[in-house]
Each structure stands twice: as C-alpha cells, then as structure tokens.
Amino acid sequence: MAISAHTSRAALRTTAVAFSAALVLAACSSGGGGQAKGSASSGAGKAGSGTRVTVTETEYALKLSQSSFTPGTYTFVSDNAGKLTHALSIDGPGVQDAKTKNIQGGQNATLTVTLKKGKYDLYCPIPGHKQLGMNQSIQVG
Ligand SMILES: [Cu+2]
C-alpha cells in the first residue's frame, strides 16, 4: 500500500516535468516567430531614434506633420501658432499623463514618448480646449 502510493507520486512528478518542458518549448518557438515577423514589418530602424513630429496648435485645432505611425520613440514638437496659451498631452498604451509645460503663443515645447501598437489621444490639456477641437487620435502600427 505504502510502496504503491510512493511509486505513483514519483510517476506523476515525472509527467509534470515533461509536460512543463513541452510548454516552455512551445512558448519559445511561437514567441520567437511572432517577434521576428513584427520587427520586420514595423521598421526596426526607427526604434530609439526619436522621430520628430511637429504638432501645430491653434485656436482650436491640432495639426500633425505626419499621420502614419509605426511603434517606436517619437519627439513631438508642439508649436503654438495661436494667440492663447496651449500645451500638448498624450494618452495611450504605456503613456499616461505625458504633457508639455504650458506654451505661450509663438513658443514651442517638446515631448518625447515611446509609442506601441495601439490608439493614442493627442490633445490640449488647457480646460475646455480639447472639447473645442484640440483633440486628435492616432493609430500606431
Ligand atoms: Cu489649448
């Protein structure tokens, strides 16, 4: 009785080890394949170089110098071409409450963020300005 219980526990443990080894192998091969495919299609050369994008701000609109984005690091140059004080805020996957200081008319400020695949909101955080039209969403990836 005691011997047979011991034997079956050892057998169980062997099975569990073999099973988890198989899982690790499966995860490795599928993860590696996905990663290689992703970097090939998203232009790995851009990552880390801080692509500059100009965001022109006026009453009450945002105008971006480019509309197509791939994952990577971006430096947004927020150029206040209006008369009132504005600022630039970005929200999205991995980016929360990133914003420039307040920018007087005719001045500019920069904001560097790393964008992943997904949807990001760019807007002016000065109360009321977002609702008046200083709001633009971009799709990355
Ligand atoms: Cu504003």
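Ligands are counted one by one from 1 in listed order, and the atoms in each one are counted from 1 as well.
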Full working for side-chain contact (heavy atoms from CB on, under 4.5 Å) between M134 and I126: CA-CA 10 Å; M134 300 188 75; I126 305 287; over 6 Å; no
Heavy-atom distance under 4.5 Å between the side chains of Q107 and N80, does that happen here? no
Would you call S137 and Y123 a side-chain contact if the rule is heavy atoms closer than 4.5 Å? no
Who pairs with T56 by side chain to side chain donor-acceptor pair (under 3.5 Å), at least two apart in sequence or on another chain? none
Applying side chain to side chain contact (heavy atoms under 4.5 Å, CB included) to Q131 and not counting sequence neighbours gives none
Residues in side chain to side chain contact (heavy atoms under 4.5 Å, CB included) with L64, at least two apart? V55, F69, L122, Q136, I138
Counting only protein N, O or S atoms and ignoring waters, those under 2.8 Å from the Cu ion (ligand 1) are H86 ND1, C124 SG, H129 ND1
